[in-house]
Amino acid sequence: QVQLVESGGGLVQAGGSLRLSCAASGRPFSTYAVGWFRQAPGKEGEFAATISWSGSYTYYAESVKGRFTISRDNAKNTVFLQMNSLTPAETDVYYCAADRGGMGSPDKRQYDFWGQGTQVTVSS
């Protein structure tokens, strides 16, 4: 079992930046891939980024490519999502999720454990 806790959300103006963190506890986190997803109330969840267990492979949704950067520090059991040039349309709850498969995927069905989410609000 892996427990995930997101932090770093908050209120930011359009064009601003936030850095989200996903802290893990439980089984060795370094063997899991991690993904970030986002979801607004009443909407389907949307994939944002994923990183493999080693950090050597990353993959981004087209909508965030060039603005978001996912990274990890396995010594600290933490994955980060640096988000730049945010827009009001990206106001969502952001979730991190862990995938035992280790390589990551944009498909949320691949993930085994989920955090509770952190709210990101981008004002215009």
State whether a side-chain donor-acceptor pair under 3.5 Å links N84 with S17.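 A pair is found: one side chain offers a donor N or O, the other an acceptor, under 3.5 Å apart.
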So, F29 versus W53, ring centres under 6.0 angstrom or not? no
Other ILVMFWY residues reachable from V5 by side-chain steps of under 4.5 Å: none
Donor-acceptor contact present, side-chain [X] to main-chain [Y], <3.5 Å:
X	Y	result
Q39	E44	no
T50	P106	no
S63	A61	no
R67	S85	yes
T121	T91	no
E90	T87	yes

What are the two closest heavy atoms between [X] and [Y], and how far apart are they?
X	Y	answer
L4	A98	CD1-N, 3.7 Å
V64	R38	CG1-NH2, 3.7 Å
A33	G104	CB-N, 3.1 Å
L20	W36	CB-CH2, 3.6 Å
L86	L18	CD1-N, 4.0 Å
S124	A14	CA-CB, 4.4 Å

Between [atom1] on residue [X] and [atom2] on residue [Y], distance to nearest 0.5 Å:
X	Y	atom1	atom2	result
L81	T118	CG	OG1	11.0 Å
Q3	N77	CD	CG	11.0 Å
T69	M83	OG1	CE	11.5 Å
R19	S71	CZ	OG	6.0 Å
D107	D99	CG	CG	9.5 Å
C22	E6	SG	CD	5.5 Å

For residues I51 and V79, determine if any side-chain heavy atom of one lies less than 4.5 Å from a side-chain heavy atom of the other. yes
Around K65, counting heavy atoms of other residues, nucleotides and ligands shown, do more than 12 lie under 6.0 Å from its NZ? yes
Look at atom CD of Q116 and say whether more than 12 heavy atoms of other residues, nucleotides or ligands are closer to it than 6.0 Å.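 Atom CD in Q116 is not crowded, with 12 or fewer foreign heavy atoms closer than 6.0 Å.
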When you check the gap from the basic side-chain N to the acidic O, do E46 and K108 get nearer than 4.0 Å? no
M103 and W114: same hydrophobic cluster, using ILVMFWY side-chain contacts below 4.5 Å?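 Yes, same cluster.
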Pairwise ring pair (Phe, Tyr, Trp, His ring centres under 6.0 Å) hits with a residue in residues 54-103, at least two apart: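 The answer is F47-Y59.
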